[in-house]
Amino acid sequence: MGWLVVGILALVALAAVTPVRIAIEYGRVGENDHLVVEFSAWFRLFRRKYELPVLLQKPTRQGPELKVKVEKVHKRSEMDDSIQDVNFKQVKQWMKKYQDLLKRVHDLLPVARAFFRKIRCSRLEWHTVLGTGGAAETGTLLGLVWGVKSMLVSVFSGAVSLRSMPRLSVQPVWNQEVIRTQFRCILHVWLGHAMLAGVRLLLRWQIGRRREWKTAPSEA
């Protein structure tokens with residue numbers, strides 16, 4: 001029994017000092033989107049890769065429907081392939097669950113902010129090529145895109161720790177309609193920080209449930 005406890009503690013300690021690398025790549029050409037998320041650890045000895053091509057479908061009564069093909073790639077072999085349909089009704093259900101989570105978990109945002117500050121970003125690139133076919137419209141859109149990019153990068157840099165200068169570009173095409181964008185981000189986080197954040201969330205969840213139970217009206 002003692003050896004079992006020592007083994008469990010050793011595994012927890014090893015997991016706590018495990019660095020996790022998260023690589024995110026997103027590309028859009030025309031109406032086709034492609035998202036790749038890769039998790040790796042110990043110099044990519046352990047690796048899990050997810051590829052999610054997203055296709056926008058025709059509008060339905062419930063709203064526009066997204067068809068998402070999920071491919072889980074591990075060690076250069078496909079592990080799973082599934083199709084998921086997402087519409088406005090499901091998005092509303094997810095938002096409702098998120099609101100319920102905020103109510104139940106006491107002080108969720110401070111825990112999230114503290115965890116995000118532990119995340120290091122070693123690479124951030126975002127390049128865009130766009131054109132509307134008209135010089136005036138393209139110039140206006142160019143300024144708008146630059147403003148949106150600057151705002152999002154500013155918010156992102158305030159949430160995580162940037163270790164390199166972001167590389168941003170917006171290239172105009174004056175004589176044709178085109179839109180292409182390429183985003184790449186590499187994040188690093190210690191698994192121990194994620195475990196600690198999970199424990200803190202669990203404790204605050206219990207505090208929120210106790211407060212909800214105390215403030216609930218008693219039955220007559």
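The closest side-chain heavy-atom distance from T18 to F46 is not below 4.5 Å. In this structure the side chain of T128 reaches within 4.5 angstrom of the side chain of K149, judged on heavy atoms. Using a 4.5 Å cut-off on side-chain heavy atoms (C-beta onward), L196 and F115 make no contact. For the pair H188 and P19, the minimum side-chain heavy-atom distance is 4.5 Å or more. Between F156 and C185, the closest side-chain pair of non-hydrogen atoms falls below 4.5 Å.
Hydrophobic clustering, with ILVMFWY side chains joined whenever heavy atoms are under 4.5 angstrom apart, groups I119 together with V37. The same ILVMFWY cluster, assembled from side-chain heavy atoms under 4.5 Å apart, contains both M151 and V160. Both L152 and I22 belong to a single network of hydrophobic side chains, linked directly or stepwise wherever heavy atoms of I, L, V, M, F, W or Y lie under 4.5 Å apart. In the hydrophobic clustering of this structure, L187 groups with V20; members are Ile, Leu, Val, Met, Phe, Trp, Tyr whose side-chain heavy atoms approach within less than 4.5 Å, directly or through other members. L141 and W174 are not part of a single hydrophobic cluster, where members link through side-chain heavy atoms under 4.5 Å apart.
F183 contributes atom CZ, which lies 10.0 Å from atom CD of E125 (distance to the nearest 0.5 angstrom). Within the model, atoms CZ of R48 and OG of S40 stand 12.5 Å from one another, a figure rounded to the nearest 0.5 Å. With rounding to the nearest 0.5 angstrom, the NE2 atom of H193 is 13.0 Å from the CZ atom of R117. Distance CZ/R167 to CG/L124: 10.5 Å, rounded to 0.5 Å. Distance check, rounded to the nearest 0.5 Å: OG of S169 to CD of Q182 gives 10.5 Å.
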Would you be so kind as to tabulate the donor-acceptor pairs closer than 3.5 Å made by side chains of residues 129-136, with sequence neighbours excluded?
residue : atom : partner : partner atom : Å
T132    : OG1  : G134    : N            : 3.4
T132    : OG1  : G134    : O            : 3.2
T132    : OG1  : T138    : N            : 3.3
T132    : OG1  : T138    : OG1          : 3.0

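Checked by atom type and distance alone, the side chain of S157 pairs as donor or acceptor with a backbone atom of V153 at under 3.5 Å.
Nearest approach of H127 to L168, heavy atoms of both residues: ND1-C, 4.4 Å.
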